[in-house]
Amino acid sequence: MLPNKIVAVGRNYADHAAELGNQVPEVPLTFFKPSTSVIGPTENIAYPPFSSDVQYEAELAVVIGRMCRDVPRERVPEVIFGYTCANDVTARDVQQREGQWARAKGFDTSCPLGPWIETDLDPADLAVTCTVNGELRQAGRTSQMVRSVADLIVHITEAMTLLPGDVVLTGTPAGVGPLAVGDEVAVSIEGIGTLSNRVVKRG
Ligand code: ZN
């Protein structure tokens, strides 16, 4: 089943904001990825023809379990079903060129999720890593997030209803970089597992 929506958060790790020359925003920077961008583990990332700089972003994904709005901080655990790995695949050149991020972060196959949902997990301090062809590219910890999972759920549900199956992406640590056709990119999160996808030319 596809999520109704994916709400993602930009620049939620200070070291990643800095590497792209950005400040940590005063309020969380939110954007959507469409349901049609989702692929599962072992499915391929199709390199879009309108970009020449597609990049990986390893992220902790939160899967919502209950319809909710205006969630108070102390009730956040009640609305979370579990956690999985995400790759917020981004056409960096398009993101910089177009201002709005809909195409840059919303193209088909730009949201690998998986490999499964871990329901019994404390998200406070987990290792988040990304490898490309087995080489380590990102190594952060969720404790470095500027806003915690609870902060983000409170902030997002102030504005909108989240539905069961909706996904919240919590930002990426430093070390983002390019992918090429043929690469195997793997996101691993401590306590969850590894999400691995191959990059192919769009057919
Ligand atoms: Zn991201």
Side-chain angles (χ1 to χ4, degrees), residues 3 5-41 45 47-48 51 53-64 83-114 123 126-132 136-149 151-153 155-156 162 166-179 183 185-189 192 194-197 199:
K5 60 185 170 295
I6 299 120
V7 187
V9 178
R11 300 173 196 158
N12 198 32
Y13 287 76
D15 56 352
H16 166 64
E19 75 178 339
L20 295 181
N22 295 308
Q23 303 283 334
V24 169
E26 295 276 316
V27 291
L29 180 59
T30 53
F31 59 95
F32 290 115
K33 289 172 84 82
S35 60
T36 44
S37 67
V38 173
I39 57 172
I45 297 165
Y47 204 110
S51 172
D53 189 16
V54 171
Q55 301 196 351
Y56 52 83
E57 293 189 359
E59 308 204 2
L60 174 71
V62 183
V63 181
I64 299 300
Y83 300 89
T84 193
C85 306
N87 194 340
D88 176 20
V89 180
T90 301
R92 193 73 65 201
D93 49 351
V94 177
Q95 180 186 28
Q96 282 157 0
R97 199 159 64 217
E98 298 189 355
Q100 294 287 326
W101 300 356
R103 291 196 336 142
K105 285 177 171 283
F107 62 87
D108 286 6
T109 75
S110 67
C111 193
L113 292 174
L126 305 172
V128 178
T129 61
C130 183
T131 64
V132 178
L136 186 64
R137 300 291 177 83
Q138 290 183 283
R141 300 198 67 87
T142 56
S143 53
Q144 300 169 308
M145 294 197 310
V146 177
R147 277 97 185 180
S148 67
V149 167
D151 290 340
L152 297 175
I153 300 293
H155 184 71
I156 291 164
L162 292 176
D166 280 353
V167 173
V168 174
L169 303 190
T170 56
T172 197
V176 298
L179 290 168
D183 283 347
V185 58
V187 174
S188 297
I189 299 180
I192 302 175
T194 298
L195 166 68
S196 192
N197 302 88
V199 182

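Just follow the structure's listing: the first ligand is 1, and inside any ligand the first atom is 1.
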query: Between Val89 and Phe107, does a side chain to side chain contact (heavy atoms under 4.5 Å, CB included) hold up when you go through it step by step?
result: CA-CA 9 Å; Val89 180; Phe107 62 87; 3.8 Å; yes
message: Counting neighbours of CD on Glu19 that are heavy atoms of other residues, nucleotides or ligands and sit closer than 6.0 Å, is the number greater than 12?
response: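 Result for CD/Glu19: enclosed.
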- prompt: What residue among Val24, Val9, Ile153 forms side-chain contact (heavy atoms from CB on, under 4.5 Å) with Arg147?
  reply: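 Result for side-chain contact (heavy atoms from CB on, under 4.5 Å) with Arg147: Val24.
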Out of the N/O/S atoms in [X], what is the name of the one closest to the Zn ion (ligand 1)?
X	value
Glu57	OE1
Glu59	OE2
Asp88	OD2

- prompt: Judged by modelled atom types alone, do Gln144 and Arg141 share a side-chain donor-acceptor pair under 3.5 Å?
  reply: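 Judged by distance alone, the side chains do not pair up.
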